[in-house]
Amino acid sequence: MTDTLQRNVVNINANSFDRSRKSLTAAEAIELLHACRNQAIEAICHAWRDRNTQIEDSLLANADQSPTLETRNLYYAAQGIVHNRGDALTLALRKHFIETFESRIRASGTARNDTKPGALSMELALVDEEDFEQSLALSKAVARLQFDSVEELAALDQRISALMQDPQAKDERNPLGAKAICQAFLAACEQLEIGSQIQLVLLQQFGFRIAGDLPKIYQRLNQFLVSKDILPSIRVGLAEHKSRTRHASVKTGATQTENADQQDIFALLLQQLIGANAAAGPSGGAPFQLPGITAVASPAHIASLVGSLTQLQHGVVGTVSLGNVPGFDTGSLQSGSVNILRDIRSAGLVNMDNQVDAFTIDIVAMLFDYIFDDRTIPDKLKALIGRLQIPVLKVAMLDKQFFSKKSHPARRLLDEIAAASIGWQETDGYNAQLFIKLDSIVQTILADFSEDVEIFATLLDDLLEFLSAHQAQAESAVEQSAQNIEAAERAEIAKVVVADEIRRVTENLQLPDVIREFLNGPWKEVLSHAFTDQGEQSQAWQSSLKTMQDLVWSVTPKRNTEDRLSLVVMLPDLLKHLREGMNSVQIDPKEREIVFSRLVTCHAAAVKAGLQLQQELQSGEPTPGISENNSPETTVASVEINAPQPAAPERFELDAADDMIEDEYTDLARSLKKGDWLEFVHDDTDMRLARLSWVSSMRGIYLFTNNEGMDALTIALPRLAARLRNNEARLIEASPLTERAVEKLIHRLQSKAA
């Protein structure tokens with residue numbers, strides 16, 4: 001076993017580079033590099049092109065399985081590009097691979113023979129480090145290819161470094177490496193002006209499809225270079241290892257993605273961490289091992305290590321209390337407020353006999369670094385999570401899928417505790433009960449967890465049941481707030497609709513002042529009540545509108561016998577509906593009787609005016625006393641007929657900042673989902689966390705509450721977009737805590753290695 005491991009160790013001693021440089025001229029080295037470049041890109045393009053049909057089938061299958069229209073459309077669009085522009089994409093891939101290759105060769109100093117360690121140019125790097133989503137997708141694709149080709153690529157790194165006369169030109173800086181290939185593919189997508197989200201879908205498929213071929217491509221390149229006497233003593237990567245697990249390239253759909261991620265996340269973290277340590281300089285020039293080559297700890301060692309951690313969990317080291325161990329702060333372990341995992345390792349409190357153990361502790365320690373830095377978790381609850389450092393480390397030692405499997409019970413429990421902590425305040429009621437529940441869960445894990453991770457699943461179910469019961473109570477409070485907002489919205493909308501209806505019925509008509517006052521007073525209340533309480537499709541609303549129309553018609557001059565007879569017939573029902581309407585809004589009976597008294601006068605005036613107009617038309621002369629400025633003596637001053645005055649249009653109360661601006665911030669506001677948390681900032685000091693609990697379908701009013709469904713904050717869509725635009729509101733990441741931490745850890749290690 002020891003001999004096998006020693007044969008698999010790659011020595012990167014600088015002497016190997018010196019020996020290679022002495023045997024080749026610069027021109028010969030460039031010729032060999034170009035030969036490798038041409039072999040590699042031809043094989044990669046061939047592998048990609050030959051699998052276009054499989055890629056299209058996979059994308060269509062993914063589209064059929066997608067739960068949302070947005071992701072379904074992404075897969076369909078990607079399939080269309082492969083089908084219609086596959087050849088153009090392949091040509092662009094070839095072009096950018098060659099350009100990037102040449103750029104890296106020139107930057108290494110081979111062509112100018114001005115070698116400087118670490119002088120590799122990054123000018124053409126295609127990954128924008130600020131674009132985290134693309135960077136993460138690139139990381140996963142690169143990790144997948146590196147994992148499948150780890151031995152072949154380790155040897156090729158050394159040979160290419162020798163040809164480039166640059167000992168640092170390895171790993172991600174290898175112009176034939178996995179990152180160079182994936183970056184060239186993204187550049188090809190950019191050249192064809194493919195959308196950024198579709199690029200990520202295609203990159204994922206690209207990684208899947210060439211993963212099975214890349215080890216063979218690298219193997220042939222290694223054999224070619226060995227035949228040219230380039231580091232022939234390195235035997236790793238010259239033959240395919242049948243025992244090494246490969247990613248199955250025939251799988252499709254979501255299962256393929258999940259399996260691939262579960263296979264490579266820990267390997268990626270380990271590889272990046274080893275690479276970062278190696279970049280810092282191996283101590284004493286000693287060789288180190290790469291992921292996939294490192295020895296696997298024996299079951300006995302794992303059991304011993306977990307046993308030691310269990311003792312620490314209970315506060316002892318062997319038979320010695322932690323309080324008597326020099327160089328270790330027992331209070332830090334009990335408080336949970338600081339990261340103690342590195343202290344455990346440096347104090348020698350656990351027995352580690354291989355590199356993977358040390359790196360696993362480092363990875364879990366960095367994971368908790370990000371948890372402690374999370375601004376959304378209150379310090380008191382963060383300390384509870386911090387007390388789980390040793391149990392989580394034990395889980396990671398026992399099961400490396402903890403890093404990859406999002407449904408792992410230990411991960412889910414951490415995620416649910418963190419999610420429940422957002423918006424927590426040190427108050428009574430639910431918040432006090434939540435703290436007691438979380439504290440009980442932590443105490444149970446510390447007391448009872450040894451090796452059986454099922455305890456996390458049991459406690460997760462218990463926590464979810466507690467949160468579900470509270471959610472029902474919070475929903476009740478939210479529902480009451482939503483009903484109040486809806487009522488206010490309907491009243492606001494009713495003001496506009498009712499004013500418009502009154503204006504529509506009365507415009508261009510000469511009406512008595514008392515009728516206009518009645519319509520814009522008591523009857524406006526009747527219409528608003530019907531619209532607000534029962535809606536515009538209700539019988540009450542339609543009947544109130546019809547009554548208003550009949551009233552207006554009843555007080556206009558009746559010029560013929562037919563109109564006068566119609567007035568007589570309709571009056572009983574009209575008076576009845578007017579009385580019912582005023583009763584519905586509880587108009588004072590005395591005021592109601594005054595209305596009816598004045599209405600009698602108006603009707604009499606309408607009939608008399610109609611008769612006089614009829615006589616005037618018959619005689620051809622104006623009738624005295626009936627001119628526009630001279631009303632009949634029987635018409636009281638309160639029913640003088642005047643020209644209509646149009647009412648000013650009404651609108652909702654919105655200030656200038658609420659004018660709708662269609663941009664990415666308005667789109668972000670529209671895309672918010674129930675349960676999303678936002679941080680509202682006032683004067684850079686006053687911050688408030690609030691959860692979106694409800695959105696109105698009428699005016700787009702957003703209702704935000706605290707974690708109890710109380711302390712409501714309402715805001716309209718334009719104002720919410722304005723706050724997002726002005727950085728007065730920030731969306732809190734919705735992804736689970738451990739997923740965010742793992743992604744940030746990958747990104748940090750990759751950036752450090754670059």
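This structure is a prediction, so every number in the text was calculated from the model and none was measured. The analysis underlying the following values was restricted to heavy atoms, covering all of them including side chains, and did not include hydrogens, waters or symmetry mates.
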**Q** Can you give me the closest heavy-atom contact between Lys394 and Val306, atom names plus distance?
**A** CE-CG1, 3.9 Å
**Q** Check whether any side-chain heavy atom of Thr444 lies under 4.5 Å from a side-chain heavy atom of Thr458, and answer yes or no.
**A** no
**Q** Under the criterion side-chain contact (heavy atoms from CB on, under 4.5 Å), which of Asp374, Asp373, Asp379 is the partner of Ile377?
**A** Asp374
**Q** Please check this pair: side chain of Gln311 against backbone of Ser308, looking for a donor-acceptor N/O pair closer than 3.5 Å.
**A** no
**Q** Kindly assign one of parallel, tilted or perpendicular to the pair Phe680 and Phe704, based on the angle between their ring planes and the thresholds 30° and 60°.
**A** perpendicular
**Q** So how far is it from Asp213 CG to Arg51 CZ, rounded to the nearest 0.5 Å?
**A** 4.0 Å
**Q** Which heavy atom of Phe372 sits nearest to which heavy atom of Lys382, and what is that distance?
**A** O-NZ, 2.9 Å
**Q** Please walk me through it: do Val453 and Asp399 pass side chain to side chain contact (heavy atoms under 4.5 Å, CB included)?
**A** CA-CA 9 Å; Val453 296; Asp399 182 8; 5.9 Å; no
**Q** Using the side chain to side chain contact (heavy atoms under 4.5 Å, CB included) rule, take Val742 and Tyr370 through it: C-alpha gap first, then chi angles, then the decisive distance, then the call.
**A** CA-CA 9 Å; Val742 169; Tyr370 287 110; over 6 Å; no
**Q** When rounded to the nearest 0.5 angstrom, what distance separates CH2 in Trp677 from CG in Leu731?
**A** 12.5 Å
**Q** Is the backbone N or O of Leu446 less than 3.5 Å from a side-chain atom of His314, with the two atoms forming a donor-acceptor pair by type?
**A** yes
**Q** In the structure I gave you, are the side-chain heavy atoms of Ile181 and Leu214 within less than 4.5 Å of one another anywhere?
**A** yes
**Q** Please lay out, stage by stage, how Asp369 and Arg342 fare under the test side chain to side chain contact (heavy atoms under 4.5 Å, CB included).
**A** CA-CA 11 Å; Asp369 284 340; Arg342 296 183 183 89; 2.7 Å; yes
**Q** Drop me the distance from Arg730's CZ to Thr376's OG1, to the nearest 0.5 angstrom.
**A** 13.0 Å
**Q** Relative to the ring of Phe449, is the ring of Phe456 parallel (under 30°), tilted (30 to 60°) or perpendicular (over 60°)?
**A** perpendicular
**Q** Under a 4.5 Å cut-off applied to non-hydrogen side-chain atoms, are Glu426 and Phe435 in contact?
**A** no
**Q** Quick one: closest heavy-atom pair of Ser421 and Leu438, and the distance?
**A** OG-CD1, 4.2 Å
**Q** To the nearest 0.5 Å, what is the distance between CD1 (Ile441) and CG (Leu459)?
**A** 6.0 Å
**Q** Between Ser671 and Leu668 (side chain of the first, backbone of the second, donor and acceptor by atom type, cut-off under 3.5 Å), is there such a pair?
**A** yes
**Q** Counting C-beta onward and ignoring hydrogens, is there a side-chain heavy-atom pair between Val392 and Phe368 closer than 4.5 Å?
**A** yes
**Q** Do you know which two heavy atoms are closest between Gln205 and Ser58, and how far apart they sit?
**A** NE2-OG, 3.1 Å
**Q** What's the spacing between Glu416 CD and Asp461 CG if we round to 0.5 Å?
**A** 10.5 Å
**Q** Do you know which two heavy atoms are closest between Leu138 and Cys182, and how far apart they sit?
**A** CD1-CB, 3.5 Å
**Q** With heavy-atom distances below 4.5 Å as the criterion, would you say the side chains of Leu464 and Arg412 are in contact?
**A** yes
**Q** Between Lys406 and Asp415, does any side-chain N to carboxylate O distance fall below 4.0 Å?
**A** no
**Q** Dump the intermediate steps for side chain to side chain contact (heavy atoms under 4.5 Å, CB included) on Leu689 and Ile732, then the final yes or no.
**A** CA-CA 9 Å; Leu689 293 180; Ile732 294 175; 3.2 Å; yes
**Q** Do Leu367 and Phe402 have side-chain heavy atoms sitting under 4.5 Å apart?
**A** yes
**Q** Could you measure the distance from the CG atom of Leu414 to the OG1 atom of Thr738? Nearest 0.5 Å is fine.
**A** 6.5 Å
**Q** Just wondering, do Gln313 and Arg387 contact through their side chains at under 4.5 Å, heavy atoms?
**A** no
**Q** If you take all heavy atoms of Ala178 and Leu145, which pair is closest and at what distance?
**A** CB-CB, 3.7 Å
**Q** If only atom types and distance count, is the side chain of Asn339 paired as donor or acceptor with the main-chain N or O of Leu341 below 3.5 Å?
**A** yes
**Q** Counting C-beta onward and ignoring hydrogens, is there a side-chain heavy-atom pair between Val364 and Phe403 closer than 4.5 Å?
**A** yes
